[in-house]
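I have placed the structure first, in the form of structure tokens, so that the comments after it can refer back to it.
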4 protein chains.
Amino acid sequence: MTDDHRQARRTQILDAAQAAFAAEGFQATGMAEVIAASGLSAGAVYRYFASKDELIEAIVDRVLEQRAVHLDEVLASRRELSAAEAVGVAVELVTEVAESGPVDITRLAVQAWGEGLRNPAVAAVAQRVYGRVRTYFAAVLRREVEAGHLPSSFDVAAGAAALLSVVLGYALQRLLMGDVDAASYRAAVADLLR
Amino acid sequence: MTDDHRQARRTQILDAAQAAFAAEGFQATGMAEVIAASGLSAGAVYRYFASKDELIEAIVDRVLEQRAVHLDEVLASRRELSAAEAVGVAVELVTEVAESGPVDITRLAVQAWGEGLRNPAVAAVAQRVYGRVRTYFAAVLRREVEAGHLPSSFDVAAGAAALLSVVLGYALQRLLMGDVDAASYRAAVADLLR
Amino acid sequence: MTDDHRQARRTQILDAAQAAFAAEGFQATGMAEVIAASGLSAGAVYRYFASKDELIEAIVDRVLEQRAVHLDEVLASRRELSAAEAVGVAVELVTEVAESGPVDITRLAVQAWGEGLRNPAVAAVAQRVYGRVRTYFAAVLRREVEAGHLPSSFDVAAGAAALLSVVLGYALQRLLMGDVDAASYRAAVADLLR
Amino acid sequence: MTDDHRQARRTQILDAAQAAFAAEGFQATGMAEVIAASGLSAGAVYRYFASKDELIEAIVDRVLEQRAVHLDEVLASRRELSAAEAVGVAVELVTEVAESGPVDITRLAVQAWGEGLRNPAVAAVAQRVYGRVRTYFAAVLRREVEAGHLPSSFDVAAGAAALLSVVLGYALQRLLMGDVDAASYRAAVADLLR
DNA sequence: TATGAATGAGGTTTCATTCAT
DNA sequence: CATGAATGAAACCTCATTCAT
């Protein structure tokens with residue numbers, strides 16, 4: 001059959017798996033749940049993904065990649081942001097993604113972190129995608145150095161990691177602590193970064 | 001038997017479980033592995049922990065609690081820290097803990113985050129412990145507001161969440177990305193916070 | 001379509017199945033392997049053989065029948081053989097068949113024996129074909145009795161079974177033990193039968 | 001628990017598996033059938049045999065080994081047999097074993113031959129046990145050579161293989177053809193070997 | 001109190017076969 | 001006539017947990 005069909009089926013399965021894995025994590029979710037949620041048969045699911053691990057990797061890749069692409073798009077439309085603004089945009093995006101759709105996809109990211117500690121393929125995906133986000137933050141920080149807002153000795157790469165922390169930490173605390181408000185968080189970050 | 005004995009056995013089991021869970025995560029680690037690592041029998045382990053979930057909860061509680069206590073102690077000895085210094089101390093503590101001992105306990109924290117999304121008891125532990133850390137950061141920030149380094153409108157609670165993000169994000173990126181250096185990270189955070 | 005076409009397709013499938021089944025046995029070989037080896041689609045294979053069992057039966061029938069026909073031809077050209085010579089010719093034929101072609105078809109015979117124990121249709125094929133071979137051996141032995149080389153009380157049918165054993169046992173030991181030489185075996189059999 | 005217990009359980013499982021595999025062959029028999037026949041749970045069976053393959057190997061080993069030991073004992077009590085007598089004894093033993101017990105164990109031997117073609121461990125067992133039987137037949141034949149009943153040029157190893165063929169071929173035809181009588185077969189073999 | 005053998009439901013994956021296109 | 005995607009029962013095996021000793 002056509003490649004379109006293949007993509008459609010993979011998407012159908014990934015959508016189902018995304019919801020299932022987001023709810024319970026990768027290891028605690030059985031393939032039976034994914035299969036039932038997909039509306040397909042076990043055989044059909046295994047035609048498109050050779051194993052649960054392959055499915056997990058595809059899910060992580062898709063979710064993280066989509067978020068990064070999303071961030072790229074938003075940032076491309078908003079030029080010359082300050083560090084505080086860039087982080088704020090990312091925080092806003094996390095919030096929007098979390099609240100859109102039937103399941104909160106940001107839960108998957110947290111699950112992916114744990115999975116990445118035991119599955120090198122998942123770790124590689126995280127490194128690639130988060131690396132790209134850090135590269136963007138690094139560019140923003142470089143401009144801040146050039147503008148004299150940060151010392152010339154400033155380590156842009158380490159700073160980018162710190163900004164990424166602020167974003168990932170927001171996503172985590174939003175889910176785990178449940179008491180973080182996007183607007184307050186953004187405002188506080190802006191104040192902290194001057 | 002005596003309560004001492006009971007505590008000794010629980011510690012023995014928790015130590016074994018800590019190493020096993022840190023390596024592979026909670027769900028992917030079998031009780032058989034924990035039991036073998038503990039040097040006890042299945043029956044003995046189940047005498048002290050009624051279920052795997054109870055064991056997980058105890059592990060998470062102990063690990064997070066120990067870290068918070070550790071942080072308390074260090075901070076109690078270093079009065080009147082700035083926000084940057086407080087975060088720096090926490091980052092340093094994460095690094096020390098990670099590099100001490102045969103297994104990197106910070107891996108457990110990341111696994112606990114994922115587990116907390118599906119297990120309310122684990123989430124409660126995280127909320128309690130991370131809440132305490134945030135309370136400390138809030139106190140630090142309050143001093144910064146009083147000193148005029150931050151506007152009087154500054155939301156200390158949200159700011160404390162952001163500082164916690166910087167610490168947790170460091171622990172995460174250290175494990176998952178593998179390219180974050182504690183000293184550079186601390187320096188960059190100090191520069192970013194002025 | 002024409003009957004020729006049908007025969008061509010069946011042969012194409014049987015050739016593929018023969019190789020696959022010879023390698024791994026009937027039960028351990030999946031239809032997927034047969035289908036892939038045949039170069040046809042699953043649907044096509046099932047158009048010509050209603051089930052795996054039917055395919056197995058057809059394979060066994062073809063292979064055993066071909067061997068028996070082959071033996072008939074060779075024996076028809078060599079009249080008035082002694083028992084030792086007849087067995088020797090059969091042993092030679094087994095060796096030639098085993099060593100000709102990309103896969104050793106004699107492996108299929110051994111697999112067919114096991115299959116015959118659970119599949120009456122396969123057993124029936126074996127009974128028919130091996131029965132024919134025994135009939136031929138019986139004729140040879142009858143001549144030996146008439147020539148006075150064997151007592152008149154000699155049970156020709158049982159003797160034929162024994163001679164068949166010598167041939168089948170050769171095929172088996174050649175495959176399973178791997179240390180039987182056709183020439184030595186023939187010579188030893190000739191000596192044993194005087 | 002004690003080693004006795006372990007042996008008892010293994011025997012219990014092997015007995016059940018023996019019956020199940022004899023009926024349907026190794027590949028066509030599901031572990032569920034073996035487990036049900038054993039009266040144990042799945043987990044218990046897998047405590048004593050790590051995999052189906054390991055169980056198959058243990059079954060083949062036990063069955064072939066028991067037959068060889070049995071043959072050794074019978075032959076040890078009957079010294080100075082002729083080749084015809086030795087084969088006769090073996091044929092008799094095959095018949096007795098086949099007819100004793102609730103399932104015909106000789107079926108397992110035929111299944112083991114097919115399995116040996118795809119499973120090297122099974123082939124190794126067959127080589128070892130049948131090799132021992134051939135060694136015994138070789139000793140018998142050596143005596144026949146020394147007694148002048150066979151030429152001094154006689155290849156005892158090849159001759160032993162031929163005698164083994166007569167025994168294995170009897171077992172096979174008894175099962176597959178169903179029309180071989182032990183007494184007639186033995187008499188015919190005796191006549192053929194003079 | 002401690003053991004570890006036993007449980008059996010549930011895990012992931014494969015398989016012969018069908019049928020809409 | 002031919003395709004190959006889809007089926008879903010069944011395959012092998014693991015697992016958290018229990019309980020007789």
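So you know, we letter chains A, B, ... as the sequences are listed, proteins then strands, and number each from 1. Everything numeric in this text was worked out from a predicted model, so none of it was measured.
- A heavy-atom distance below 4.5 Å is not found between the side chains of D/Val129 and D/Arg67.
- In the model, D/Glu115 has a side-chain atom that pairs as donor or acceptor with a side-chain atom of D/Gln27 under 3.5 Å.
- The interatomic distance linking D/Gln12 (CD) with E/dA5 (P) rounds to 15 Å, in whole Å.
- In this structure, CG of A/Leu40 is placed 11 Å from P of F/dG8, rounded to the nearest angstrom.
- The CD1-C1' distance, from A/Ile13 to F/dA5, rounds to 11 Å in whole Å.
- When rounded to the nearest whole Å, the span between CG of A/Asp4 and C1' of F/dG4 equals 17 Å.
- The CG-C1' distance, from A/Leu55 to E/dT13, rounds to 13 Å in whole Å.
- Under 3.5 Å, the side chains of D/Thr106 and D/Asp104 contain a donor-acceptor pair of N or O atoms.
- Picking from E/dT3, E/dA2, E/dG8 the nucleotide with the shortest atom distance to the side chain of B/His5 gives E/dA2.
- Looking at B/Val34 and B/Phe21, their side chains come closer than 4.5 Å, going by heavy atoms from C-beta outward.
- In this structure, A/Arg6 atom CZ and F/dT3 atom C1' are separated by 17 Å, rounded to whole Å.
- One side chain, B/Arg9 or B/Gln12, offers a donor N or O that lies under 3.5 Å from an acceptor on the other.
- Contacts of B/Tyr48 with the nucleic acid, taken as non-hydrogen atoms under 4.0 Å apart, involve only primed sugar atoms and P, OP1 or OP2.
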For nucleotides 14-21 of chain F, give me one character per nucleotide, 5' to 3': B if any protein heavy atom sits under 4.0 Å from the base, S if the only such contacts are to the sugar-phosphate, - if neither. BBSBBB--
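- In the set E/dA6, E/dA2, F/dA6, F/dA6 carries the atom at the smallest distance from any side-chain atom of A/Ser41.
- In this structure, E/dT3 forms a base pair with F/dA20, meeting either the Watson-Crick or the G-U wobble geometry with both donor-acceptor distances under 3.5 Å.
- In this structure, the side chains of C/Tyr48 and C/Leu55 stay at 4.5 Å or more apart for every pair of heavy atoms.
- D/Asp3 has its CG atom 15 Å from the C1' atom of E/dG4, to the nearest Å.
- When the P atom of F/dC1 is taken as reference, atom CZ of C/Arg10 falls 13 Å away, rounded to whole Å.
- Residue-level contact check: C/Arg9 touches the backbone only, with heavy atoms under 4.0 Å from sugar-phosphate atoms and none from bases.
- At a threshold of 4.0 Å, the pair B/Asp15-B/Arg62 counts as salt-bridged, since one of the basic side-chain nitrogens sits closer than that to a carboxylate oxygen.
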